[in-house]
Amino acid sequence: MQESWYERFAETPDVLKSARHPRTVVAALDVEIGGDEFVTMAGPCSVETEFQLMATAHHVRRAGARILRGGAFKPRSSPYGFQGLGAEGLKMLAQARQETGLAIVTEVMSEDDVALVAEYADILQIGTRNMENYALLEAAARSGRPVLLKRGMVATVAELLRSAQVILDNGNPQVILCERGIRTFDTALRNTFDVAAVALLKLISHLPVIADPSHASGNREMVAALARIAVAAGADGLLVEVHPHPDKALSDGDQSLDFSGFDRMMDEIDPYVALRRMAQPGGETRLPYREETGARVMEAVG
Ligand code: PEP
Ligand code: MN
């Protein structure tokens, strides 16, 4: 890696790639993110009903997803929008994990809820609006769970790395970076998918990088295209919204794929995933875990 990247991102030395630390692989249940396998995380924007969640979980698993997403605590643009089922939604997610074996990623919005969410989720999601909520970042880091950190919608790459550094500094190296689209002058789509950020983060950081083509586009007709682009740019995985009846979704229906749309997306990314496998860089850092009283505790990284 060029010396200049170290100078430009000097504030975040631990998240930068080095010969000693070329790659971090984050483990959740039986899934490794940032390793050789491309990992698709899929599910509804919000957990709404048991039927909606279970039907989606079974479908995305059959189609090749490895992790189930679903929001129980929802950050809504409108105070009058559906705010999520809270603890009841977390229990449904745990039930879906039980039935399908899929690992669970779900958003935590408040430091007060970290312990509760960490009890049910395998990965804690920090949403775009909370990327700079340092109290939340610290609490999430200390939970010991892997953290999926979404880029703030008006955050630079350096700011994203700074927030990742906060999580590392609080004793948790299991961070997954997520490009989910940023605000620009162009309003044709909900956000502007910064694909260069995916390529740049893969170049300069050892942390896994995933892309969220659903929030990046805001439009289900664009999701598969952005997913293909993300894989080609070097992403380690995707976070995609899927709903049995997107038109009836309580949140983000416009950008949610139905089941056949998800199948098509998975088929479309297949050749890109195959190419990616051929281009895998060597070397990786594996993080060993042991289970202790139900919590994941990280052992010293060797
Ligand atoms: C979500 O994943 O449903 C979500 C709210 O994402 P973001 O924080 O990127 O808007
Ligand atoms: Mn959403």
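Note that ligands are numbered from 1 as they come in the structure, with each ligand's atoms numbered from 1 the same way. The figures here come from the full heavy-atom set of this structure, side chains too, leaving out hydrogens, waters and symmetry mates.
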Fill in: Polar side-chain atom of Gln83 near backbone of Gly81 as donor-acceptor pair, under 3.5 Å
yes

Fill in: Pairs flagged by salt bridge (Lys or Arg N to Asp or Glu O under 4.0 Å) wherever residues 62-74 is involved - sequence neighbours left out
Asp30-Arg66, Glu37-Arg66, Arg69-Glu241

Which side-chain N or O atoms in residues 257-264 pair as donor and acceptor under 3.5 Å with protein atoms at least two apart or in another chain?
| residue | atom | partner | partner atom | Å |
| --- | --- | --- | --- | --- |
| Asp258 | OD1 | Ser260 | N | 3.4 |
| Asp258 | OD1 | Ser260 | OG | 3.3 |
| Asp258 | OD1 | Gly261 | N | 2.7 |
| Asp263 | OD1 | His59 | NE2 | 2.7 |
| Asp263 | OD2 | His59 | NE2 | 3.4 |

Practice prompt. List, ordered by chain and residue number, the protein residues whose closest non-hydrogen atom lies under 4.0 Å from any atom of ligand 1.
Written response: Cys45, Arg69, Lys74, Pro75, Glu107, Gln125, Gly127, Thr128, Arg129, Lys150, Arg180, His215, Glu241

Worksheet item: Just by distance, do the side chain of Ser205 and the backbone of Leu16 share a donor-acceptor pair under 3.5 Å?
Response: no

Worksheet item: Do NZ/NE/NH1/NH2 and the carboxylate oxygens of Asp236 and Arg276 come within less than 4.0 Å?
Response: yes

Worksheet item: Side chains of Met153 and His215: closer than 4.5 Å at any heavy-atom pair?
Response: no

Worksheet entry | Side-chain heavy-atom pair Leu53, Pro44 within 4.5 angstrom cut-off | yes

Discussion item. Does this structure show an ion pair linking Asp247 with Arg220, if we count only N-O contacts that are shorter than 4.0 Å?
Written reply: yes

Fill in: Sub-2.8 Å protein N, O or S atoms surrounding the Mn ion (ligand 2)
Cys45 SG, His215 NE2, Glu241 OE2, Asp252 OD2

Discussion item. What I'd like to find out is whether the side chain of Val108 reaches to under 4.5 Å of the side chain of Leu136, using heavy atoms alone.
Written reply: yes

